[in-house]
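Convention: sequence-line order gives letters A, B, ...; per-chain numbering from 1.
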Number of protein chains: 2
Amino acid sequence: MHCSIAQAVGVLGEPWTPLILRDLFLGLSRFDELAEDLGISRNLLTRRLEHLVAAGVVERRPYQERPVRYAYELTQAGRDVVPALFTLMAWGDRWATPPGGPPALLVHSCGERFTPVVTCPHCGGEANADTVTPVAGPGAAQGPGTMVLAAPLAGAGGGRESDPVGHLVARVPDGLGQVDQGQ
Amino acid sequence: MHCSIAQAVGVLGEPWTPLILRDLFLGLSRFDELAEDLGISRNLLTRRLEHLVAAGVVERRPYQERPVRYAYELTQAGRDVVPALFTLMAWGDRWATPPGGPPALLVHSCGERFTPVVTCPHCGGEANADTVTPVAGPGAAQGPGTMVLAAPLAGAGGGRESDPVGHLVARVPDGLGQVDQGQ
DNA sequence: TGACATAAGTTCACTTTATCAACCCACTAA
DNA sequence: TTAGTGGGTTGATAAAGTGAACTTATGTCA
């Protein structure tokens, strides 16, 4: 499907995948550790890890020979998923807290415990449903999952009561050739 | 499972759910619009919407009587998911861009096109795999999905080469009773 | 008056995935 | 040589997803 969210979900959205990535971030690296911690069936863990390795999110590295043993580690793409896990965790803490309070907290390198916030790197302001407008990008196309963008982003609007999109298309700055890649 | 990420994934992580939420954010609201845009089978869309309504993420509101017709809209919890969708989208744009470039771009209310960044609200610094350490919270427990936290967070460390966790437990500020709920 | 259209689903047969439990293989240590 | 460990396979069973057709209630055109 022609949509960045769908692409991301295709790689990261399978049942156990976010939890596998969380465990790898937390320092687990061996097959048996992951299987035991998650309680996932071993053949499914095999498939998930294969998929993650194929997607370039996880690296499978032999940490000893005779017998060969493998460690699983996050690649740069994998480490880049971690902030997305933070925002998911923050949402879970806020709207679906397990009984007894949040099981884990985050501490930033500035020394403070915090709840992550998604921001605009230009002005530092919060990026949320009220302050952000999506607009068609260079790869916009028609078809499943993008018809939405084709229709409301085309500017017609259709008169639906809350169309946060149509009237903003004209505001898009030029030079849409590439997104900032940050970092 | 006793983990905020698992809770969030339980609500948001089912196959089509992020795309449904994206479409609702973009202004679609009717059953047939969603079904047509996504190409999802209709009975599955029914189940997903029921699940989202039960979880308090989506609201089902009759927008006309005779015949009764329903509109689906994001609740506050649903609007709160949107920043997580932004970070997923940013990841997808960076690491799994569909051919032709990103299909959608984001414009902040400050007027700039941007790539969302997850930050610490105290210092404004970026929150990523290098700058953030998770520590055990008040609801920390043992069992599947939290054994990880029980072991490395206990401070033993076990000598694994990259344990970003153990040495930081002592740094956690007091008063862990509740996470900042922001906004 | 009848024929057709629309929105919002249901039902059903079929296919694909996930899960659990058990097994396998190479090697090591005692 | 016997048992243990790490990293998987294999195969039966259970759960989910898919596509197409059907339903219900109503409005609209001719």
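Atom-to-atom, CD of A/Glu33 to P of D/dG7 comes out at 9 Å; the value is rounded to the nearest Å. Atom P of nucleotide C/dA8 and atom CG of B/Leu28 are separated by 12 Å, given to the nearest angstrom. Put simply, CZ on A/Arg47 is 9 Å from P on C/dT17, counting in whole angstrom units. Taking atom CD of B/Glu50 as the reference point, atom P of C/dA8 lies 15 Å away to the nearest angstrom. Taking atom CG of residue B/Leu45 and atom P of nucleotide C/dT10, one finds them 11 Å apart after rounding to whole Å. Rounding to whole angstrom units, NE2 of residue A/His51 and C1' of C/dT17 are separated by 14 Å. Separating the CZ atom of B/Arg69 from the P atom of C/dT6 is a distance of 12 Å, rounded to the nearest angstrom. Counting to the nearest Å, the P atom of C/dT15 and the CG atom of B/Leu44 are 18 Å from each other.
For B/Arg42 and C/dG9, a side-chain-to-base donor-acceptor distance below 3.5 Å is present, hydrogens and geometry of angles not being considered. A donor-acceptor contact under 3.5 Å is not formed by the side chain of B/Arg30 with the base of C/dA8. For D/dG19, its base sits under 3.5 Å from the side chain of B/Asn43 at one donor and acceptor pair at least.
Nearest-nucleotide assignment on DNA chain C puts the 5′-proximal partner with B/Val68, out of A/Glu14 and B/Val68. DNA chain C is contacted by both A/Pro67 and A/Pro15; A/Pro15 maps to the nucleotide lying nearer its 5′ end (nearest heavy atom per residue).
Between B/Trp16 and the phosphate of D/dT18, there is a side-chain N or O to OP1/OP2 separation shorter than 4.0 Å. Side-chain nitrogen and oxygen atoms of B/Tyr72 include none within less than 4.0 Å of the OP1 or OP2 phosphate oxygen of C/dA7. In terms of phosphate contacts, B/Arg60 brings no side-chain nitrogen or oxygen within less than 4.0 Å of OP1 or OP2 of C/dA8.
A/Ile40 and A/Tyr70 are members of different hydrophobic clusters when ILVMFWY side chains are connected at heavy-atom separations under 4.5 Å. Residues A/Val118 and B/Leu74 are members of separate hydrophobic clusters, defined by side-chain heavy-atom contacts under 4.5 angstrom among Ile, Leu, Val, Met, Phe, Trp and Tyr.
Closest approach to the A/Tyr70 side chain among C/dA7, C/dA18, D/dG7 is made by D/dG7 (side chain taken as heavy atoms from C-beta onward). Proximity note for B/Tyr63 (side chain, C-beta onward) versus C/dG9, C/dA7, D/dG8: the nearest is C/dA7. With C/dA7, D/dG7, D/dA16 as the candidates, the nucleotide lying closest to the side chain of B/Asp32 is C/dA7.
To the nearest 0.5 angstrom, B/Glu33 atom CD is 9.0 Å from B/Asp23 atom CG.
Salt bridge absent: B/Arg30 and B/Asp37 never bring a charged side-chain N and a carboxylate O closer than 4.0 Å.
With B/Glu73 as the fixed residue, the side-chain hydrogen bond (donor to acceptor under 3.5 Å, both in side chains) test singles out one of B/Arg79, B/Arg60, B/Arg61: B/Arg61.
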